[in-house]
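Note that the coordinates shown come from a computational prediction; the quantities given were computed from them, not determined experimentally. Position 1 is the first residue of the sequence, and the numbers go up from there.
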Amino acid sequence: QVQLVESGGGLVQAGGSLRLSCAASGLTFTRYIMGWFRQAPGKEREFVAGISRSGSSTYYADSVKGRFTISRDIINNTVSLQMNILKPEDTAVYYCAANSGSVYVRSAAYNYWGQGTQVTVSS
């Protein structure tokens with residue numbers, strides 16, 4: 001049974017920081033690229049960040065570039081998203097996802113999803 005479990009969400013003031021974590025189990029971790037997506041009320045799920053199997057390549061949505069950093073810990077089978085200089089428009093449910101292919105930005109390309117964690121940024 002594949003499981004992706006997110007943690008670290010919460011309420012933070014604009015300009016603050018949060019670090020999200022995703023613990024993966026039930027899969028061979030290094031066979032998958034990993035991504036973070038987010039979904040705000042009334043909006044489609046959108047790509048936030050992705051990372052290659054080895055962690056050597058990363059990809060970001062323009063809206064978060066320079067503020068967010070994705071990383072993966074191969075030994076502990078975890079993926080993290082460090083979020084700095086948070087803005088109210090970052091408010092959303094954030095999802096961790098695993099992908100056996102090579103298309104990073106399309107949510108339909110991902111095989112497995114976590115349950116999501118709420119991030120709320122107040123002004």
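The distance from atom CE of Met34 to atom OG of Ser71, rounded to the nearest 0.5 Å, is 11.5 Å. Annotation: the span from Arg72 atom CZ to Ser52 atom OG amounts to 7.0 Å, rounded to 0.5 Å. Atom OG of Ser54 and atom CD1 of Ile33 lie 11.5 Å apart (nearest 0.5 Å). In this structure, Leu18 CG and Leu81 CG are separated by 10.0 Å, a value rounded to the nearest 0.5 Å. Taken to the nearest 0.5 Å, the CZ atom of Phe68 stands 8.0 Å off from the CG atom of Leu20. Note that CD of Glu44 is 8.0 Å distant from OG of Ser107, once rounded to the nearest 0.5 Å.
Arg67 is linked by a salt bridge (charged side-chain N to carboxylate O under 4.0 Å, His left out) to Asp90, counting only residues two or more places apart in sequence or in another chain. Every ring-ring contact (aromatic ring centres under 6.0 Å, His included) that Phe47 has, sequence neighbours left out, goes to Phe37. Shown here are the ring-ring contact (aromatic ring centres under 6.0 Å, His included) partners of Phe29, two or more places apart in sequence or in another chain: there are none.
Looking at every heavy atom in both residues, Tyr94 comes nearest to Met83 through CE2-SD, 3.9 Å. Taking each heavy atom of Cys22 and Leu4 in turn, the nearest pair found is SG-CB, 4.0 Å. In terms of heavy atoms, Ala14 sits closest to Pro88 at CB-CD, 4.1 Å. Of all heavy-atom pairs spanning Asn99 and Gly101, the tightest one is OD1-N, 2.7 Å. Between Ala49 and Tyr60, the shortest heavy-atom contact is CB-CD2, 3.7 Å. The minimum heavy-atom distance linking Val64 with Val48 is given by the pair CG2-O, 3.6 Å.
Looking at Asn84, its side chain never comes within 3.5 Å of a backbone N or O of Ser17 through a donor-acceptor pair. A side-chain donor-acceptor contact under 3.5 Å links Glu6 to the backbone of Gly116. Under the 3.5 Å distance criterion, the side-chain polar atoms of Arg45 are left unmatched by any main-chain donor or acceptor of Arg38. Distance alone, capped at 3.5 Å, is enough to place a donor-acceptor pair between the Asp73 side chain and the Ile75 backbone. Side-chain atoms of Thr69 never come within 3.5 Å of backbone atoms of Gln82 as a donor-acceptor pair (strictly under, hydrogens ignored). Side-chain N or O atoms of Thr28 include none that pairs as donor or acceptor with a backbone N or O of Thr30 at under 3.5 Å.
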Worksheet item: What's the verdict on side chain to side chain contact (heavy atoms under 4.5 Å, CB included) for Trp36 and Cys96, showing C-alpha distance, side-chain angles and the deciding distance?
Response: CA-CA 5 Å; Trp36 286 95; Cys96 174; 4.0 Å; yes
Discussion item. As a quick check of understanding, evaluate side chain to side chain contact (heavy atoms under 4.5 Å, CB included) for Val121 and Lys87, giving each step before the final call.
Written reply: CA-CA 6 Å; Val121 184; Lys87 305 174 180 179; 5.5 Å; no
Practice prompt. Given side chain to side chain contact (heavy atoms under 4.5 Å, CB included), test Val12 with Thr120 step by step and report yes or no.
Written response: CA-CA 6 Å; Val12 65; Thr120 303; over 6 Å; no
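No path of Ile, Leu, Val, Met, Phe, Trp and Tyr side chains, each step under 4.5 Å between heavy atoms, connects Ile70 with Val93, placing them in separate hydrophobic clusters. A continuous path of hydrophobic side-chain contacts links Leu27 to Ile74 [ILVMFWY only; heavy atoms under 4.5 Å]. One hydrophobic cluster, built from ILVMFWY side chains closer than 4.5 Å, cannot hold both Leu86 and Tyr95; they sit in different ones. In this structure, Trp113 is not a member of the same hydrophobic cluster as Ile51, with clusters built from ILVMFWY side-chain heavy atoms closer than 4.5 Å.
Residues Ser100 and Asn111 have side chains in contact (heavy-atom distance under 4.5 Å, counting atoms from C-beta outward). Taking 4.5 Å as the limit, every side-chain heavy atom of Tyr110 sits out of range of all side-chain heavy atoms of Tyr32.
Around CZ of Arg19, the count of heavy atoms belonging to other residues, nucleotides or ligands within 6.0 Å exceeds 12.
Ring pair Tyr59/Tyr104 is tilted by interplanar angle, where 30° to 60° counts as tilted.
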